[in-house]
Amino acid sequence: MIRLEKRAQPSRGWTIATPIIAVVATMIAGGLMFAALGKDPVEAIRTIFWDPLFGPFASYARPQLLVKAGPLILIAIGLSFGFKAGIWNIGAEGQYIMGALTGAATALAFYPAEWWIIFPLAILAGAVGGFLWAMIPAVLKVRFGTNEILVSLMLVYVAQSLLAAAALGWLRNPEGMGFPGSRNLAQWAATANPELIAGTGMHWGVVMAFLSVIVAYVILSRHMLGFSIRVTGQSPRAAAFAGVNPGRLVIVCMGVSGALAGMAGLFEVTGPAGQISIDFNVGYGFTAIIVAFLGRLHPVGILLAGLLMALTYIGGEMAQLSLGLPAAAIQLFQGMLLFFLLAVDVLTNYRIRAARREVA
Amino acid sequence: MDLSAINPILLVASLMVAATPILLAAIGELVVERAGVLNLGVEGMMITGAIVGFIVATATGSPWIGFLGAAAGGAALSLLFAVLTQFLLSNQVATGLALTLVGLGLSSLLGQNYVGIRAPSVPSIHIPVISDIPVIGPILFQHDPMVYVGLGICLGVWAFLKYSRAGLVLRAVGENHDAAHALGYKVIRVRVLAILFGGACAGLGGAYLSLVRVPQWTEGVTAGAGWIALAIVVFASWRPGRLVIGAYLFGGVTVLQLNLQLVNVPIPVEILSMAPYLVTILTLVLLSAGRGGAMGAPGSLGKHFHASS
């Protein structure tokens, strides 16, 4: 018989080792899946994890790494605040859409002016849009005790409907000859969010993502807010004795994640995406949940996990082109990663003991 | 706009059809939550059931074998959840989300070659006399059998929880797993069985979408139905009777907004298609506001159980 014995404290070694084990296990299981689809597993894994960095098309793929990792890291950092405290904002996708919408709408209100202030204003509007969208589940939870998981998720579908309405209606490019989609924000100098250093993929969103990692690290390890979050996550009762106001913590955590997700949306719509379109959102808000957990809800871990997840996106696209691997296989691959991580996580909090049969 | 184009009898009749997938998924989740487990992977299990049921039904030509396959598929996926949360003691919220992500990926992978195919049709039943009663006949007695299977499962669950000994054990495990363990009940075993039942029901609900309601396979066919099912369990305060009301209320909103889209009401289509989600949020708020929190929730909901001695 195998028995689990709870550790007094989570093991530090296993905290670092489990994500690595999970990645390796996912590679093996993913390889088996690719083999079942009739592809060479070794080649598929190499195409996903090696070729984007060192393969023949690496000079094209490498900049994409930061372009994809930027929004993932930015959103995941925000989510980690709440997740640590047991506050589950899983509607980041909706906040990301709303940030892009409010930011783009604010900027387009000044079209075709060329003032420098428009871009900072748009970023602010994006953050406010995401923040307010996250405030709906937050305030409902604090005021009425409504489940924030369900409300934040329902609001993703509402945001998607609003996005479609905007792309087809009130934000549609008046000079677009009737095609859906807004004006191109990346080609308008006032809002363009270009590559800052050629060949790196670095845009303002990536800068903001790196900044958020540093700020989050300081807040979580050195600030009173970080303490409140950790205590609440471990024991809400102890937090109450420590003087933590649970309602305010919900507002702060949801607000931070909403604002960061909204900003990520704004940086995306002014840079890589370029315009508001019906299919603007590609699921960063959901993938960021995987990134947050894979990074152990720790800022530095999230940075690494975001880069890894970006790699699977780019490698996945390359594998689609060169090997004909279906896009869904990559999605499944990412889901598997989270599953394996949760499965091996038991080693962090528990010791495995072979229990001897006790003789009476 | 021509509101008179909406036939009220057809409207109410299609309400039962629209509510059935959510009803099936929600009654499964209700049993899971009464056992003290929060499985947020309903959406993933539903969509897996939708594609597995579709594949089996087109392969065998029989929608009924398809429904069986869907139940098996949903249960198989929920087994992953059961192993992770019950034996490896992982966080139930995170694992449920992972289950949804895996289910969405898996279903679109399995479904690649099935887009645009028509499923074998499910005949509606026609009982001589009662189906022909004016008004009531078309509303209540002219649907496909799965509508009644769904209601039957709800009735069964109600009776099981209220009158059977096993139902009492399940509720005990959900209310206080430490006490149930002390009494010698197998907490883990009860929960695994409940999770499997929930998975099978979610699978059935998904297959109802792909085989009856739509009826074909499209990616993301569930469109949040699994999440709405979760909301309806809260709405029902974990009671099967109220769950039926909740599902029908929701079905009513869905059908009404579709009908309003058809007759060109001067409300944008996008606003109308938001309606079901907004109504769900609103009911959640009204309910939680009325009682100050999630009253009626099983005591051990979402907590993991580890027998330390």
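All chains are named by letter (A, B, ...) in the order of the sequence lines, taking the proteins before the strands, and each is independently numbered beginning at 1. The figures that follow rest on heavy atoms only: side chains count, while hydrogens, waters and symmetry mates do not.
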Go through [options] and name the one with the most non-hydrogen pairs under 4.5 angstrom from chain A.
options: B/L284, B/L104, B/V102; result: B/V102
options: B/L278, B/I281, B/T85, B/I228; result: B/I281
options: B/L88, B/N91, B/T100; result: B/L88
options: B/V93, B/L101, B/T280, B/L89; result: B/V93
options: B/F81, B/F87, B/W227; result: B/W227

Tell me if the CZ atom of A/R143 is crowded by more than 12 foreign heavy atoms within 6.0 Å.
no

Distance check, rounded to the nearest 0.5 Å: [X] atom [atom1] versus [Y] atom [atom2]?
X: A/Q334; Y: A/F286; atom1: CD; atom2: CZ; value: 13.5 Å
X: B/L84; Y: B/L99; atom1: CG; atom2: CG; value: 9.5 Å
X: B/S107; Y: A/Q331; atom1: OG; atom2: CD; value: 7.5 Å
X: B/E33; Y: B/I195; atom1: CD; atom2: CD1; value: 11.5 Å
X: A/K141; Y: A/I87; atom1: NZ; atom2: CD1; value: 7.5 Å
X: A/L153; Y: A/E93; atom1: CG; atom2: CD; value: 10.0 Å

Interchain contact, [X] with chain A, by part (heavy-atom threshold 4.5 Å):
X: B/L230; result: both
X: B/L110; result: neither
X: B/T95; result: both

Between [X] and chain B, which part of the residue has a heavy atom less than 4.5 Å away: side chain, backbone, both or neither?
X: A/I290; value: side chain
X: A/I149; value: side chain
X: A/F339; value: both
X: A/F333; value: neither
X: A/L342; value: both
X: A/L163; value: neither
X: A/I136; value: neither

Ring-plane angle category for A/F293 and A/W88, please: parallel below 30°, perpendicular beyond 60°, tilted otherwise.
parallel

Any chance you could lay out the side chain to side chain contact (heavy atoms under 4.5 Å, CB included) test for A/M98 and A/L155, step after step, and finish with the verdict?
CA-CA 10 Å; A/M98 293 313 285; A/L155 286 172; over 6 Å; no

Between A/Y313 and A/T287, a side-chain donor and acceptor under 3.5 Å:
yes

Based on non-hydrogen pairs under 4.5 Å, which of A/A329, A/A328, A/G335 is most in contact with chain B?
A/A328

